[in-house]
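By convention in this document, chain letters (A, B, ...) are assigned in the order of the sequence lines, proteins followed by strands, and residues within each chain are numbered from 1. Because the structure is predicted, anything quoted here is derived from the model rather than measured.
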Amino acid sequence: MTSEATDKSSFLYRLRHSMAHVMAQAVAELYNGVKLGFGPPTENGFYYDFDFGTEQIGPETLAKIEKQMRKILSQNEKFTREEFKTEQALQKASQMNQPYKEIQIKKLSGEGVELFSFYSNGKFTDLCEGPHVDSHKDLRSAAFCLDRISGAYWLGSEKNKMLTRIYALCYETEEELKSFLEQRKRAEERDHKKLGKELEIFTISETVGKGLVLWLPNGTVIREEIEKYAKEMEFRYGYHRVATPHITREELFIRSQHLPAYSESMFPPMTVEDEGGIKERFYLKPMNCPFHHLIYSSRPRSYRELPLRLAEYGTCYRFEQSGELSGLLRVRCMTMNDAHIYCPEEKLDEEIALLMTMYQEFYNTFGLKNYTYRLSIRGKANREKFKGSPDLWDRAEKILSDVLSSKNIPFYVGEGEAAFYGPKIDIQFKNLMGREETVSTIQVDFFAPVNFNLEYVSQTGEIKQPVIIHRAPLSTHERFVSFLIETYGGAFPIWMAPVQVKLIPVSDEVKEYVINLEKELKTASVRAESDFTDNTFNKKIRTAVTHKIPVCLIIGNKEASQNRVTVRRYGIKEQETLTKDDFVKQLKEEITERRCGISSFPA
RNA sequence: GCUGGUGUAGCUCAAUGGUAGAGCAAUUGAUUUGUAAUCAAUAGGUUGCGGGUUCGAAUCCCAUCACCAGCUCCA
């Protein structure tokens, strides 16, 4: 959220907060006996949670509520504040027949709050800490519209009743609201689900099942280019590649403690019967780690081979809740840029530092900028859920925080966001709709070495336990490609573009030259295609541009007669004509260096 | 999984109880073009699937599946 949107003293915050009360009042007037939940400001406006009882609320009621709000605003009431001690406050909430407010008062009272404020505007009163604007007059020039309606669990717990949440957009001026709506519309144009279909990157078939992605030829090029790059990078950083099965006997996940702790996110087991009639259960893997641990422990290890880095683009299966699935962002079958690093504890800081360098190298290549680092630690609450000695935790948390600081990497702390086996550094991306998603983590794990009895012989001949680092800088292909599509708006850098070069003949006379050039480019491993359709020249250009192909070669008699090509780059007006050989040389350089040039970011 | 919404040709959408239609894409023919849509013809649909109401259903009702937004979850 912007600072203005969260700053309680800002006018915008008070405006949105007050407007939420007006909405609650409108709803209360229209629906007798409605129960009120919470109604805070948000990044773009505000929402309010209501319990409508048995009443069905659809989008058509939004217009009705909005109309009522405007009627209320015309009454020009003042916002007034009154304070009550706990008992009186409870009594007041009870008189108003607002059970959720009673619960809230009791909860806050338990946390030591003794004085409760109620705000009134006209006949409407609501428990609220404020602050608000002075009167309706301050709200009149504001721009707002009711946006959408959805369910939301009371107190955010799925064990509680689901209330009806009404979201509204609200800004100080009409221009700001309009500009937000336009921005949202532009963002929707970059939606990876939309572009993924248009650019034929992936498809999902009901026949195969939801959350199970079919990668089309274009998408497969992108996947494989990413994978090739990751393998080169990991080779340079001293990783060894391994390969493991997609299924395993139940025993492995019992040992790793995924069963039963993680069983809700796993596909149900397959039961097979051997010749002796003994039944055995197999599971699809939700993670690669346990397999890698067994590779580590397949023979005794010496300190000399640590840190041992085992990498695999491993395909995992998770039975995500159906409502969670979304395009490539959240799927049930995913291929992870996974690796596990088995590291002596005293080398942990060095190894993490090396990882941060690698992450930044990766993200620079992709030109990614819209991410933030989160240091996820235990926090003060629920200490019992975090396994291992507190001493070890303290040290690990300090190491992570020190590495981030020493590399001048800005980060924020996520209290209670650690994994149960250790703290982590999460890389958070914001998607187009402003929603934050974890794209990647670096996790320190003290727990698995114990479960899997992982050991090494130290320099002094002692048996020691390594610490494990789980890391996946490039996330899963699925999630990472969804971010890339949205970041690039579908216009990929040349090195990973499905079609890198489109050859467009001006007329049939140059056909032979074009055919030969295409052959030459393909021989140089360039993904080149020629357009020999009956379409007009203009139409051919339009087609190439709408497919967001990074380079078009315009070839007419002028070019063919001089062994040249005219280069038209995506999103760039200026063209240049150069010799065929110069073009191929430049192009190859750009591809080999994986340049993330301006051509990929049209204005 | 929960709340609300949506589902019509490959894609984007029209048809609100009375003969399912348009543009783009596809196919065929003509056209060979110098920087974002040449012209014409053809083909394409048990309106997501299954029930029901009705003389008659894309349209109304029930159920189911999928998708979208949000909630919850996300080792």
C1' gap between B/G44 and B/C62, integer Å: 32 Å
Spacing between A/M334 atom CE and B/C74 atom C1', to the nearest angstrom: 10 Å
Distance (rounded to the nearest 0.5 Å) between A/Y31 OH and A/Q68 CD: 10.0 Å
A/K210 NZ to B/U64 C1', straight-line distance once rounded to whole Å: 12 Å
Gap between atoms NZ and C1', on A/K197 and B/C24 respectively (whole Å): 15 Å
A/K285 side chain to A/Y317 backbone, donor-acceptor under 3.5 Å: no
Whole-Å C1' distance, B/A57 and B/U42: 31 Å
Sugar-phosphate only, base, or nothing, as touched by A/I57 at under 4.0 Å among non-hydrogen atoms: sugar-phosphate
Salt-bridge criterion met for A/R255 and A/E251 (N-O under 4.0 Å): no
d(NZ, A/K194; P, B/G10) in whole Å: 19 Å
Aromatic plane relationship, A/W215 with A/H477 - under 30° parallel, 30 to 60° tilted, over 60° perpendicular: perpendicular
Nucleotide pairing, RNA chain B (Watson-Crick or G-U, distances under 3.5 Å), in dot-bracket with [ ] and |: (((((((..((((....[..)))).(((((.......))))).....(.(((..]....))).))))))))....
Length of the CZ-C1' vector between A/F202 and B/C67, whole Å: 12 Å
NZ/NE/NH1/NH2 to OD/OE distance under 4.0 Å, A/K161 and A/D51: yes
Candidate list A/N337, A/T441, A/D338, test side-chain contact (heavy atoms from CB on, under 4.5 Å), partner A/R471, passing option: A/N337
Whole-Å gap separating P (B/A69) and OH (A/Y47): 19 Å
Under 3.5 Å donor-acceptor, A/K101 side chain and A/G37 backbone: yes
Touch class at under 4.0 angstrom, heavy-atom based, for A/Y153 against every strand present: base
Touch class at under 4.0 angstrom, heavy-atom based, for A/R330 against every strand present: base
Rounded distance in Å - CG (A/L62) to P (B/A69): 18 Å
N or O in side chain of A/K193 less than 4.0 angstrom from B/A69 OP1/OP2: yes
Touch class at under 4.0 angstrom, heavy-atom based, for A/Y167 against every strand present: sugar-phosphate
Closest-nucleotide ordering on RNA chain B, the 5'-leading residue of A/G211 and A/R318: A/G211
Residue whose closest nucleotide on RNA chain B lies nearer the 5' end, A/E158 versus A/Q443: A/E158
Whole-Å C1' distance, B/U12 and B/U19: 25 Å
Between B/C71 (C1') and A/E436 (CD): distance, integer Å: 18 Å
N-O pairing of A/R378 and A/E397 below 4.0 Å: yes
Contact state string [nucleotides 32-38 of chain B, B base, S sugar-phosphate only, - no protein heavy atom under 4.0 Å]: BBBBBBB
Sugar-phosphate, base or nothing in reach of A/Q321, heavy atoms under 4.0 Å: base
Aromatic plane relationship, A/Y48 with A/F50 - under 30° parallel, 30 to 60° tilted, over 60° perpendicular: parallel
Between A/Y342 and A/H293, ring centroids under 6.0 Å: yes
Inter-nucleotide C1' distance (B/G23, B/U32), Å rounded: 26 Å
